[in-house]
Each structure stands twice: as structure tokens, then as C-alpha cells.
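Notes for the one structure printed next.
Order of appearance sets the numbers: ligands from 1, and atoms from 1 within every ligand. Computed from heavy atoms alone, side chains included, the values below leave out hydrogens, waters and symmetry copies. Because the structure is predicted, anything quoted here is derived from the model rather than measured. For this chain, numbers begin at 1 and follow the sequence in order.
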Amino acid sequence: MATDELLLAPTTQTQPVALGKGVVVGGDAVVLMVGPCAVESEAQLRAIAEAMVAHGLRVMRGGAFKPRTSPYSFQGLGVEGLKLLRRVADEYGLLVVTEALGVEHVPLVAEYADVIQIGSRNMQHFPLLWAVGELDKPVLLKRGFMATVKEWLLAAEHIRSRGNERIILCERGIRTFETATRNTLDTNAIALVKATAPFPVIGDPSHATGRADLVIPAARAALAAGADGLLVEVHPDPTQALSDGEQALPLAQLAQLVAAAQRIAAALGRTVA
Ligand code: PEP
Ligand code: MN
């Protein structure tokens with residue numbers, strides 16, 4: 001698509017993206033992807049997987065390679081984290097979304113993941129976009145926290161131009177003058193992308209707000225704006241989390257998140273997968 005046509009197309013139909021195991025993002029059902037910010041232990045993943053299965057959720061997120069602002073923060077378990085994710089997910093019949101931090105990680109991450117996440121800080125890391133563009137695997141492209149919608153859509157074009165059309169966009173909050181929350185959820189962007197681009201879009205209320213108590217309200221807002229799903233950080237015990245504990249929804253509140261999503265989805269004539 002030529003640059004000037006981006007954002008101008010009148011009513012673009014969302015092209016659904018199949019993740020495997022019958023899970024489709026961009027169809028009638030909104031898809032909840034939940035899991036820890038970072039994979040920490042088998043016990044942590046098992047507790048989350050059990051709760052997911054109890055609520056009928058099919059897609060587990062979790063970082064093995066973490067893009068941390070400080071080099072002194074926990075950087076993730078690396079390959080060990082990928083192996084744990086795959087093992088627990090397979091045992092519970094779940095799909096895996098996890099981040100590839102650099103070009104050199106793409107073949108490794110592709111081996112273990114069902115969906116490859118490109119993080120906010122990497123949205124314009126073009127060689128990484130080209131590398132996942134060569135794969136036959138869905139890509140979750142997070143919006144850069146300082147990126148315009150046009151830059152985000154052009155980043156998606158970098159992936160698509162290499163042949164991979166299975167792209168899901170993720171609005172995870174942008175940096176604004178407001179500092180009371182970690183970022184600002186751009187619900188306009190969700191509605192705009194739905195109206196003008198063929199890619200499904202999901203909302204990440206965790207990084208958008210940075211506060212566990214705002215995750216469910218922001219999740220409702222993302223879905224109300226038209227999001228095809230959510231990416232939500234949960235933890236069995238957020239006080240013990242090795243990363244992003246402040247924004248982790250306690251696992252005990254997963255039922256509330258699912259119920260809220262079901263209510264909003266129903267109001268829009270949709271269901272929750
Ligand atoms: C994440 O989803 O774990 C993450 C690091 O998010 P972002 O790239 O949006 O900061
Ligand atoms: Mn996180």
C-alpha cells in the first residue's frame with residue numbers, strides 16, 4: 001500500500017489471523033492472551049496455565065528474553081524460559097506468544113513460539129521486521145511508545161513486504177505529557193486501525209497503565225474501541241514478580257477480567273475465545 005493511502009482507506013475489512021488450534025484473532029471472538037511479564041519458573045507457569053484452562057483461555061504470553069530499560073534488571077531466563085513455556089503450554093493445550101529481542105533470536109524463538117512478539121522498543125528495528133517477515137508464523141507487532149499510527153502501520157508493511165501477512169497489531173500505550181500512569185492507552189488508534197488497516201488489533205492494558213488496579217478498566221476501554229483481543233500480564237503473586245509486578249493482575253482476579261471482557265464483547269455482538 002502506498003504511504004499516502006495509509007489511514008485513508010474508507011472501510012477496510014480486518015483479515016483474521018489464525019494462530020493454530022482453531023484460535024483466530026480478528027474474527028467474531030475476542031482473544032485474551034494472558035501470562036507473566038517474564039517466565040520465572042515452572043510453578044509460576046503451571047499456576048497460570050491451570051487458571052487459563054479453567055476460564056477457557058488458549059493463548060499464553062510470557063517473556064523469555066526481556067527488553068529491560070535497565071541492564072541491571074532481570075533479563076529473563078532466555079532459552080530455558082522458552083523451553084519452560086513450550087512444555088507447560090503443550091501440557092495444557094495452550095498456544096505461546098513470546099518476544100524475539102533481536103534478529104539472532106528469531107530462528108530460536110520461532111522454534112518454540114506460536115506467535116512471535118516484536119516489542120515496543122523494537123517496532124522500527126527494520127532488520128528484525130524483515131527477519132520475521134520471512135517466516136510463516138503470526139507476528140504480534142507492538143506499537144512503539146513514541147510512534148505514530150502511520151509509523152506503526154509502515155512497520156507492519158516492512159513485515160508484509162517480505163511475504164508474511166499474518167500480522168496482529170498491539171496498542172500498548174504511548175508516552176504523553178501524563179506521568180500519573182506508565183503510558184496512555186490510545187483508544188483512538190485502536191478504532192483508527194480497525195477502520196483503515198487490514199490487520200487485527202489487540203490492546204495491552206498492562207503496559208498502557210502500569211497499574212494492576214487500572215488493568216480491567218483499560219481492558220474494557222480497548223475492547224469497547226474495537227480491539228480484537230487483549231494481552232494482559234498476570235502473576236500468581238505480583239509482590240514476588242521479577243518484572244512489572246506493579247501492573248500484574250493477580251491471578252485471583254483473572255475471573256473478573258474474563259467476566260468484564262465477556263460483558264463488553266456481548267454488548268458489541270462478539271464473544272470471548
Ligand atoms: C511485554 O509485553 O512484555 C513488553 C516488554 O512490552 P512492550 O514491548 O510493550 O514494552
Ligand atoms: Mn512487561
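- For the residue pair K66 / S243, no side-chain donor-acceptor distance below 3.5 Å is found, with atom types taken as modelled.
- For ligand 1, the atoms sitting less than 4.0 Å from at least one non-hydrogen atom of K142 are 1 (C), 2 (O), 4 (C), 6 (O), 7 (P), 8 (O), 9 (O), numbered in the order shown with element in parentheses.
- Heavy-atom proximity to G119, at under 4.0 Å, picks out these atoms of ligand 1: 8 (O).
- Between R182 and E246 there is no salt bridge, since none of the side-chain N atoms of the basic residue sits less than 4.0 Å from a carboxylate O of the acidic one.
- Near K66, meaning under 4.0 Å from any of its heavy atoms, are these atoms of ligand 1: 1 (C), 3 (O), 5 (C).
- Here the side chain of D204 pairs no donor or acceptor atom with the backbone of C170 at under 3.5 angstrom.
- A donor and an acceptor atom, one from each side chain of D244 and H235, are nowhere located under 3.5 Å apart.
- Listed for the N164 side chain is a donor-acceptor partner under 3.5 Å among the backbone atoms of L135.
- Residues satisfying the side chain to side chain contact (heavy atoms under 4.5 Å, CB included) criterion with A225, sequence neighbours excluded, are T187, I190.
- The shortest distance between side-chain heavy atoms of F65 and T98 does not fall below 4.5 Å.
- Remark: the backbone N or O of T209 is not paired with any side-chain donor or acceptor of Q247 at under 3.5 angstrom.
- Side-chain contact check for E99 and H105: no donor-acceptor pair (N or O, by modelled atom type) lies under 3.5 Å.
- In this structure, the protein non-hydrogen atom closest to atom 4 (C) of ligand 1 is H207 NE2, 3.5 Å.
- The number of protein N, O or S atoms lying under 2.8 Å from the Mn ion (ligand 2) is 4.
- With Q256 contributing its side chain and Q253 its backbone, the two residues share no donor-acceptor pair below 3.5 Å.
- Protein heavy atom in closest approach to atom 8 (O) of ligand 1: S120 N, 2.8 Å.
- Counting heavy atoms under 4.0 Å from ligand 1, residue P67 touches it through the side chain alone.
- Here is the list of ligand 1 atoms found below 4.0 Å of a heavy atom in R172: 7 (P), 9 (O), 10 (O).
- Heavy-atom separations between R143 and ligand 1 are all 4.0 Å or longer.
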